[in-house]
Amino acid sequence: MATCDHCDNVDLTLPAAVHVCEGCVTSGDTWVQLRVCKTCGYVGCCDSSANQHARGHYHTAEHPIMGPADGGGWLWCYPDDSYIDNDGNLV
């Protein structure tokens with residue numbers, strides 16, 4: 001199984017600190033689901049949301065890994081365009 005090289009220096013267990021997408025709140029929009037950055041804890045809306053703030057955070061901050069804010073059992077690596085498991089393996 002291949003390992004994601006982007007897992008270095010990230011906390012794969014980092015929980016969400018807030019339960020809203022601040023970008024959507026600021027603009028008066030809603031979101032579908034929330035994602036939490038595993039580098040800094042930023043919370044943004046998912047790709048199914050109109051604004052895709054989590055993806056925007058990746059492009060701006062270059063923090064590679066996001067996961068569901070509700071603690072679901074998966075993570076996403078933007079540079080590898082792939083899911084990774086909680087051990088950092090590409091799946």
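Being a predicted model, the structure only gives us computed values, none of them experimental.
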Starting at [atom1] of [X], measure out to [atom2] of [Y] and round the result to the nearest 0.5 Å.
{"X": "Glu22", "Y": "Trp31", "atom1": "CD", "atom2": "CH2", "value": "8.0 Å"}
{"X": "Leu34", "Y": "Ser49", "atom1": "CG", "atom2": "OG", "value": "7.5 Å"}
{"X": "Lys38", "Y": "Met66", "atom1": "NZ", "atom2": "CE", "value": "10.0 Å"}
{"X": "Ile84", "Y": "Cys4", "atom1": "CD1", "atom2": "SG", "value": "4.5 Å"}
{"X": "Trp76", "Y": "Ile65", "atom1": "CH2", "atom2": "CD1", "value": "11.5 Å"}
{"X": "Cys40", "Y": "Asp11", "atom1": "SG", "atom2": "CG", "value": "11.5 Å"}

Inset, instruction - For the pair Tyr42 and His57, name the ring-plane relationship: parallel under 30°, tilted 30 to 60°, perpendicular over 60°. - result: parallel
Inset, instruction - Could you go through the side chain to side chain contact (heavy atoms under 4.5 Å, CB included) check for His53 and Cys24 one step at a time? - result: CA-CA 8 Å; His53 286 115; Cys24 286; 3.6 Å; yes
Legend entry - Shared hydrophobic cluster, Val25 / Val36 (ILVMFWY, side-chain heavy atoms < 4.5 Å): yes
Nearest heavy atoms of [X] and [Y], plus distance in Å:
{"X": "Val32", "Y": "Ser48", "answer": "CG2-O, 3.5 Å"}
{"X": "Val10", "Y": "Cys7", "answer": "CG2-O, 3.0 Å"}
{"X": "Arg35", "Y": "Gln33", "answer": "NH2-OE1, 3.0 Å"}

Inset, instruction - Kindly determine whether Tyr78 and Arg55 satisfy side chain to side chain contact (heavy atoms under 4.5 Å, CB included), including the steps that lead there. - result: CA-CA 8 Å; Tyr78 285 106; Arg55 182 174 291 276; 3.6 Å; yes
Inset, instruction - Step through the shown structure and confirm whether more than 12 heavy atoms of other residues, nucleotides or ligands are within 6.0 Å of CG on Asp47. - result: yes
Inset, instruction - Please assess Leu90 against Asp80 for the test side chain to side chain contact (heavy atoms under 4.5 Å, CB included), listing each intermediate value before the final yes or no. - result: CA-CA 8 Å; Leu90 297 169; Asp80 287 326; 3.6 Å; yes
Inset, instruction - State, yes or no, whether a side-chain contact exists between Pro64 and Thr39 at a heavy-atom distance under 4.5 Å. - result: yes
